[in-house]
Amino acid sequence: RLRTILLKKVSDRHSSLKRGNEIIIVVIVLFAALALRLVGIGGGLPYIFHPDENRQILDALGMAERLSPVPEEFSYPALHKYMLLVVNGAYYAVGSLLGWWDGPANFAVKFLTGESSVFLLSRILSAFAGVALAFSIYRTGKMSSTATSWSNRTGSLFPRPMSSRR
């Protein structure tokens, strides 16, 4: 009986150490993913070399201008445009409170004449969305690791050992 209790305590401790190591590795991987995305975040600014970036931001700002939750075009997924709308709306609100612009027209003029802060903010949003996607793929793999042995190797950095798969 004592041996069983001791083995259980050792096993629990090993399991918690393994979980702690796993968390550290996941955090390192996510920080590396964020760092790789942020390294070139200002590349090309204030010039916009990729037309898709401008189109999505303009469509998000157009929704705010029209007071409509419907984007003008659906060439790209709408969720990103909604996120851009929220982030840039918050940026506009903070800038208005701090006196950076006098109103929507002044904000639009600064944006259209090469003010790169809106583009930089939008790129930062995309970088964090990419890291969130990496984390959600990891979590999906971890949650599905109990379903089948095939799913243990899918989307997870840490599949379960072969001896515990059944």
Side-chain angles (χ1 to χ4, degrees), residues 19-148 150-159:
R19 235 176 319 182
N21 289 341
E22 180 178 328
I23 291 170
I24 291 170
I25 291 171
V26 169
V27 168
I28 290 170
V29 168
L30 292 177
F31 272 122
L34 182 63
L36 288 172
R37 285 172 170 80
L38 293 179
V39 165
I41 200 88
L45 292 177
Y47 306 107
I48 305 303
F49 297 113
H50 202 283
D52 295 343
E53 185 176 26
N54 199 20
R55 288 173 56 192
Q56 290 202 31
I57 294 170
L58 283 174
D59 201 9
L61 295 177
M63 287 190 292
E65 190 264 331
R66 293 187 320 274
L67 299 175
S68 171
V70 180
E72 291 238 339
E73 62 178 72
F74 288 95
S75 305
Y76 301 96
L79 177 61
H80 187 248
K81 293 177 186 179
Y82 293 132
M83 292 187 323
L84 287 172
L85 177 64
V86 169
V87 167
N88 288 312
Y91 178 60
Y92 171 76
V94 168
S96 293
L97 290 174
L98 296 175
W100 295 344
W101 34 78
D102 298 330
N106 187 257
F107 177 75
V109 166
K110 286 191 178 191
F111 167 70
L112 293 172
T113 57
E115 174 73 28
S116 58
S117 57
V118 171
F119 288 102
L120 189 60
L121 192 61
S122 300
R123 289 177 181 184
I124 290 170
L125 170 71
S126 296
F128 277 98
V131 173
L133 178 63
F135 181 72
S136 68
I137 290 170
Y138 162 74
R139 287 297 299 158
T140 301
K142 290 297 287 182
M143 289 188 315
S144 67
S145 68
T146 58
T148 65
W150 180 81
S151 68
N152 276 327
R153 296 182 297 270
T154 307
S156 178
L157 297 172
F158 306 99

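No experiment lies behind these values; they were computed from the predicted model shown.
- Taking all atoms of both residues into account, the shortest heavy-atom contact from W100 to N106 is O-OD1, 4.0 Å.
- Considering only heavy atoms from C-beta on, S75 comes within 4.5 Å of R55 through its side chain.
- Residues F107 and L61 are in side-chain contact: their nearest non-hydrogen atoms beyond the backbone lie under 4.5 Å apart.
- Taking CG of L84 as the start and CE of M63 as the end, the distance is 8.0 Å to the nearest 0.5 Å.
- Annotation for Y76: atom OH counts as buried by contact number, over 12 foreign heavy atoms lying within 6.0 Å.
- The two atoms that bring S122 and I57 nearest to each other are OG-CD1, 3.5 Å, heavy atoms only.
- Side-chain contact between E73 and K81 is present, with heavy atoms from C-beta onward closer than 4.5 Å.
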Step-by-step side-chain contact (heavy atoms from CB on, under 4.5 Å) determination, L133 to I137: CA-CA 6 Å; L133 178 63; I137 290 170; 4.1 Å; yes

Show me the side-chain donor-acceptor pairs of residues 32-43 shorter than 3.5 Å, one per line, residues at least two apart or across chains.
{"residue": "R37", "atom": "NH1", "partner": "A33", "partner atom": "O", "Å": "3.2"}

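- Contact record, Y91 with S117: OH-OG, 2.6 Å, taken as the closest heavy-atom pair.
- Rounding to the nearest 0.5 angstrom, the gap separating the CG atom in L97 from the OH atom in Y92 is 10.0 Å.
- For the residue pair A129 and M83, the shortest heavy atom distance occurs at CB-CE, 4.2 Å.
- Y82 places a side-chain N or O within donor-acceptor distance of the main-chain N or O of P69, the cut-off being under 3.5 Å.
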